[in-house]
Each structure stands twice: as C-alpha cells, then as structure tokens.
Amino acid sequence: MLQLESLDLSKNYLSGQIPPEFADLNFLSHLNVSYNQLTGRIPTNTQFSTFPSTSFEGNKGLWGPPLTSDTTIVLPPPKFNGSSSNPNSGDEIDWNVISAEIGFTCGFGIAVGSLLFCKRWRK
C-alpha cells in the first residue's frame with residue numbers, strides 16, 4: 001500500500017492556522033508550508049517538530065518550534081498593529097475598486113467633456 005511521503009504546499013497563498021488534522025499525518029517524511037500567510041502556533045508534540053525550520057519559513061505570523069531555537073520557552077503570538085488578526089488588513093489596496101473608480105471617472109469625463117465642447121450636442 002502506497003502512502004503519501006512528501007507534501008509541499010509552499011507558495012500557495014495559504015492563510016490561517018495550520019489545520020490540527022495535519023498533525024495526524026505521521027507518515028510524512030517531508031512537509032513544506034513555507035512562504036504562505038500562515039499564522040498561529042505550529043502544532044507541538046507531533047511530527048512537525050522533526051521537520052526543519054525551512055519548512056515553515058516565510059510565514060510572518062507562524063511561531064513555535066521548530067522556528068524557535070529553545071523549545072522550552074513558550075512565546076506569545078506576534079502582535080500586529082492594532083487588534084486585527086490579519087496582518088495585511090490595512091496594508092493592501094483593492095485594485096478592483098480602484099480600476100472601477102478610474103473607469104467610471106474617465107467615462108463620466110468623456111460624456112461631460114463631449115457636452116461641454118460640442119455645441120450641437122448640448123441642445
């Protein structure tokens with residue numbers, strides 16, 4: 001019977017905490033969840049502690065062993081500006097809204113500008 005030995009979920013824009021069900025995957029010899037947007041504590045007392053820290057790097061909100069050097073120290077979760085649990089809540093620009101506003105402004109300007117500059121159309 002074949003089992004999954006390696007799971008690479010790096011650079012997939014995953015967000016939130018590592019699902020606790022991942023701790024049940026005790027047959028994995030390699031796990032990589034680096035460079036996502038994961039937050040919270042890495043599950044302890046599981047096979048996660050055997051994976052190298054490079055498997056978890058690039059997740060600014062992720063903490064706990066194996067990312068910390070001393071496993072006896074329990075660090076609090078990182079604090080982000082304000083009380084928001086999402087580190088990017090105020091930093092991102094919604095380009096869909098911006099492009100719609102630009103399109104509306106240009107379209108409205110063309111319509112009003114045409115009426116201002118063409119005397120026949122004003123009547």
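Just so you know, residue 1 is the first one in the sequence shown, and it goes up from there. Computed over heavy atoms, backbone and side chain alike; hydrogens, waters and symmetry mates excluded.
L9 and Y35 are not part of a single hydrophobic cluster, where members link through side-chain heavy atoms under 4.5 Å apart. A single hydrophobic cluster is seen to contain both W95 and I102, as judged by linkage of ILVMFWY side chains at heavy-atom distances under 4.5 Å, directly or through other members.
Side-chain contact between V33 and S10: absent, with no pair of heavy atoms (C-beta onward) separated by less than 4.5 Å. Taking 4.5 Å as the limit, every side-chain heavy atom of T39 sits out of range of all side-chain heavy atoms of L62. For the pair F56 and P66, the minimum side-chain heavy-atom distance is below 4.5 Å. By the 4.5 Å heavy-atom criterion applied to side chains, R41 and P65 are counted as neighbours. You'll find the side chain of N32 stays beyond 4.5 Å of the side chain of L7, heavy atoms only.
For the atom pair S15 OG and Q37 CD, the distance stands at 6.0 Å (nearest 0.5 Å). Note: R120 CZ to L115 CG = 13.0 Å, rounded to the nearest 0.5 Å. In this structure, the separation between OH on Y13 and CG on L38 is 13.5 Å, given to the nearest 0.5 Å. Interatomic distance, S34 OG to D8 CG, rounded to the nearest 0.5 Å: 7.0 Å.
With a 6.0 Å radius and a threshold of 12 heavy atoms from other residues, nucleotides or ligands, F27 has its CZ atom above the threshold.
Residues L28 and L31 come closest through the heavy atom pair CD1-CD1, 4.2 Å.
Put simply, the side chain of S55 never gets that close to the backbone of F51: no donor and acceptor are under 3.5 Å apart. A distance-only check finds no donor-acceptor pair linking the side chain of N36 to the backbone of N59 [under 3.5 Å].
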